[in-house]
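These notes are about the structure you will find just below.
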2 protein chains.
Amino acid sequence: MKASDYRDWSPASVREIIRSGEWTAPTPGMCAGHVQANMIVLPKDWAYDFMVFAQRNPTPCPILDITEPGGKEARIMAPGSDVAKDIPRYRVWKDGLLVDEPTDVSSYWKDDLVAFLLGCSFSFESALMEAGIPIRHIEENRNVPMYVTSIQCRPAGRLSGPMVVSMRPIPASQVPRAVLCTGRFPGVHGAPVHVGDPEAIGIKDISKPDFGDSVTIKPGEVPVFWGCGVTPQAALMASKPPFAITHAPGHMMILDPKDSDLAVF
Amino acid sequence: MKASDYRDWSPASVREIIRSGEWTAPTPGMCAGHVQANMIVLPKDWAYDFMVFAQRNPTPCPILDITEPGGKEARIMAPGSDVAKDIPRYRVWKDGLLVDEPTDVSSYWKDDLVAFLLGCSFSFESALMEAGIPIRHIEENRNVPMYVTSIQCRPAGRLSGPMVVSMRPIPASQVPRAVLCTGRFPGVHGAPVHVGDPEAIGIKDISKPDFGDSVTIKPGEVPVFWGCGVTPQAALMASKPPFAITHAPGHMMILDPKDSDLAVF
């Protein structure tokens, strides 16, 4: 089976397939039209700092759901879920270092952990496509290119770090439409943070993303940058909390709501 | 001096006048076009619960700024401010009961207090007026009518309570425009939560608001309801944290940004 075979499955059914260990690959293309989320799990002691960090940096860190301390269910957006098993691949972090990439983190779970589910730009990509705007990384069957920028997030408590952005090349004439299209979705990064001129935000070589894959930028296209849910992982690397779990890039948590539920209008 | 005499003053100058004790009255009309905010102050121990409560109920509780624990400066939206002195009148709560309404809460301040500043619907009223939509409570020189509804907020930790809404009567033909106008401002309550039929949200007598003043509803006008920043005060009354401070209704904290800075488009 490939991801697109699960296109019309319900989020609960696909979470079950993932929970059973049957699916360990990236999730784009599964449950078309439903929200896919980034995850970051921190000890309760760090959770307040993260909440403030997210409030001060809502563009890269739009919180969609929060588990009870020690609990594993995303009750509001995925009733019946188990956030320790329902993501195909995780990353486990100790003191800011990546130490494991398992497909189930139940054995790592502790009573003081809180999971935050964050909006992901996959949610607005269908709106862009419906508006006739090409999504290059989908056309080229790659992961979206992501870059660590020189834009510093506003710090909060012990958390700080640079903003990570995702990039999509957009034909110059369609840039305004792409801005308006995505501005409707503030819960999933919203409008771009930067249009054109990669160097102005510290990106030296657009062909070498820090995460994901490089994509073709055609003549007449402008690189457009959106806040990215990998930003918390950059904050982990910079701020080194003793313990954290995140999703592995591209391996998202699929939630029950539809992307369109997150549009403000 | 009356509020409108301070219409063109800068937020920092008006905060100074308030800090000196010279101004202890409501703030609508001061610093036209600048954001006015609700405030709720809680011990750090309760602050996490409040952050989650606000995340789950963003319409009535849109957080704009958060002080450092024990700090008194709203660094992002009001550099140089002192949240314990820069509001004309406060409310002090013990175990969910209102115990004092002073004009300065410095003597109540403790090292573990965190202040949350929340968006207020005053910010979108200028947008409504610019769109030619009447604001009855301003025309009648009263406070906006507010009602405790039967809509329960999503609980978070130890915090729960009903949603409080503000009401503006809008000519039926202008309701769509009022919805679109305010939908641009999700950081200050956004689009209405309910249009018409007060009984459906538990309001038995529209002429008897729970907070603020009653206003005239003319023939052909529909009562339109927006999420209200007094909701946290209702949660305090219901959830009884040992200690809290809020602004007194209508006596807001004036912040540096302009209302238009909070529009998403």
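In this text the structure is predicted, and so the values were computed from the model without any measurement. Both backbone and side-chain heavy atoms feed into the values below; hydrogens, waters and symmetry mates do not. Residue numbers start from 1 in every chain, and the chains themselves are labelled A, B, ... in the order their sequence lines are given, proteins ahead of strands.
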Open item on the list: Using heavy-atom distances under 4.5 Å, tell me whether A/Arg56 contacts chain B through its side chain, its backbone, both, or neither.
Closed with: side chain
Task: Distance in Å, B/Met51 CE paired with A/Ile66 CD1, rounded so as to fall on 0.5 Å steps - done: 8.0 Å
TODO: May I ask you to say whether B/Arg158 pairs ionically with A/Glu68, meaning some side-chain N is under 4.0 Å from a carboxylate O?
DONE: no
Task: Contacting region of A/Leu64 [heavy-atom separation from chain B under 4.5 Å] - done: backbone
TODO: Measure distances from A/Val114 to the heavy atoms of chain B and classify the residue's part below 4.5 Å as side chain, backbone, both or neither.
DONE: side chain
- [ ] Identify the two heavy atoms, one from A/Tyr48 and one from B/Phe116, that lie closest to each other, and give their separation to 0.1 Å.
- [x] OH-CZ, 4.1 Å
TODO: Could you look at B/Ala47 and say if it's the side chain, the backbone, both or neither that has a heavy atom under 4.5 Å from chain A?
DONE: both
Task: Region of A/Phe50 in contact with chain B, defined by heavy-atom distances below 4.5 Å - done: neither
Task: Contact summary for A/Ile76 and B/Arg154, nearest pair of heavy atoms - done: CG2-NH1, 3.2 Å
